[in-house]
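Working notes for the structure below.
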There are 2 protein chains.
Amino acid sequence: MARSVGLTRERVVSVAAELADTHGLDQLALARVAARLGVRIPSLYNHVDGLAGLRRELALLGVRRLTDQLSRAAIGRAGDEAVVAIAGAYRAFVLAHPGLYAATIHAPDPDDAELHAASRATIEVVVTVLAHFRLGDAGTIHAVRGLRALVHGFATLEAAGGFGLPLDRDESFARLVRAFIAGLHTNP
Amino acid sequence: MARSVGLTRERVVSVAAELADTHGLDQLALARVAARLGVRIPSLYNHVDGLAGLRRELALLGVRRLTDQLSRAAIGRAGDEAVVAIAGAYRAFVLAHPGLYAATIHAPDPDDAELHAASRATIEVVVTVLAHFRLGDAGTIHAVRGLRALVHGFATLEAAGGFGLPLDRDESFARLVRAFIAGLHTNP
DNA sequence: ATTGTAAACTAATATTATTAGTTCGTCAAG
DNA sequence: CTTGACGAACTAATAATATTAGTTTACAAT
């Protein structure tokens, strides 16, 4: 029996992310992760601090990947176009990785500096994009909150199957983002 | 030992709703419900179909209470004022009953006619309020989705502690809703 | 009085997470 | 080479949970 099977924290977290995306974050269990890796449950504790620790790792991974996607979407764009791009990228990320994204939402440990820094990096991207609208410090924060709320709300409802009627969801989303952008221009 | 302790489905669901609101829906366990009611776990099965059934009951209760709150908020109001009112009522409901509200989100059983009817009733209130803007059939649905996404997103992020900075959240919300309403007037 | 029903129970099973302690390669120091 | 420390994965045990099966008993209707 191979004593070392090449388990690493990266592999454990990666498999967990896959499972969370396909079966839902609330269905994530160490038992499934271990089974998928061909390993007994306690072995996971050598790489990850239990289920809570694993979920924290997922949150960190999710925030970082989201930041990455938003940054890429904003490259070479500015103003309205950049807002549309990051909104679309955010929505696409939630739909592609619903479990990983869900992990990023739950209120983090206030003492977790690493996770807080990662979250701030995400906000930073949006702040940068919205800075071009010259809304002032407070105005920019209000706008960041609004944009995030709107995209988060749309994407999570969509991922949860919350839009029953057979009407084009892309169109609904585009209209919502357009309306928000219009508001950015008319605000004091 | 009293053989009948006066347990009813209503009491079970009511206690569960309380626990879900205070400790989070994901922390809801039959063990806690039973303990709170001074009863053994299996006794709950006489009134509720296991944990899954209990969560379904919570979803139904949540949707109905939400519809009730939205309806009340819209009474005697129309146009912009009505939109502001139901948006505020929706947000207040999520903040006051985060667990109950969370239960209403998870994708329901497609065969659950009762739950679907209740959901449709909620949508109906919003449709009625937005009908005054004369957006057409499709336009109204897009607007309903947008409003719901925006309020859902803001309130759930807020409830999850997602807005770190010490800037007035009421103001952020008011601006977002105003921008949305402005969009309703300018859209084709 | 009797009998049926329903509510609550005990007991048993399965799944999960967690901790403690064990085994056994591997690798580096002597 | 040998040896000894370390780490990765293990077994075993414990606790919490949900669920099901089968049992008891109060109460109400006949």
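This structure is a prediction, so every number in the text was calculated from the model and none was measured. Reminder, nothing fancy here: chain letters follow the sequence lines and each chain counts from 1.
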Value rounded to 0.5 Å, distance of CG in B:Leu176 from CZ in A:Phe180: 7.0 Å
Pair B:Arg56 + B:Glu114: basic N to acidic O under 4.0 Å: yes
Donor-acceptor pair (no angle test) under 3.5 Å: B:Asn46 side chain, C:dA6 base: no
Flag if over 12 foreign heavy atoms under 6.0 Å of CG, A:Asp49: no
d(CG, B:Leu51; C1', D:dA16) in whole Å: 14 Å
Basic-acidic side-chain contact under 4.0 Å: B:Asp68, B:Arg64: no
Plane angle bin for A:Phe163 and A:Phe154 - parallel if under 30°, tilted between 30 and 60°, otherwise perpendicular: tilted
B:Leu7 side, atom CG; B:Leu44 side, atom CG - distance, nearest 0.5 Å: 6.5 Å
Whole-Å distance separating the CZ atom of B:Arg32 from the P atom of D:dA18: 10 Å
Side-chain N or O of A:Tyr45 closer than 4.0 Å to phosphate OP1/OP2 of C:dT18: yes
Side chain of A:Ile41 - closest among D:dT19, C:dC9, C:dT18: C:dT18
d(CG, A:Asp49; P, C:dA17) in whole Å: 14 Å
Gap between atoms CG and C1', on A:Leu30 and D:dA9 respectively (whole Å): 15 Å
Length of the line joining A:Leu37:CG and D:dA9:P, which is rounded to integer Å: 10 Å
Within residues 99-112 of chain A, residues whose heavy atoms come under 4.0 Å of DNA chain C: none
Distance-only donor-acceptor check, side chains B:His152 and B:Tyr90, under 3.5 Å: no
CG/A:Asp109: more than 12 non-hydrogen atoms of other groups inside 6.0 Å: yes
Interatomic distance where CG belongs to A:Leu7 and P belongs to C:dG25 [whole Å]: 18 Å
Whole-Å distance separating the CZ atom of A:Arg11 from the C1' atom of D:dA9: 13 Å
Positions of residues 16-27 of chain B (non-hydrogen atom under 4.0 Å from DNA chain D), listed by number: none
B:Ser43 side-chain N/O to C:dC9 phosphate OP1/OP2 under 4.0 Å: yes
Given D:dC10, C:dA17, C:dA11, the nucleotide with the shortest approach to the side chain of A:Ala31: C:dA17
Charged N-O contact under 4.0 Å between B:Glu171 and B:Arg175: yes
Hydrophobic cluster membership, B:Val48 vs B:Val63, 4.5 Å side-chain cutoff: no
Proximity to the side chain of B:Ala29 - top-ranked nucleotide from D:dA18, C:dT18, C:dC9: D:dA18
Nearest-angstrom distance from the residue atom CG of B:Leu54 to P of D:dA18: 10 Å
Under 4.0 angstrom between B:His47 side-chain N/O and C:dA6 OP1 or OP2: no
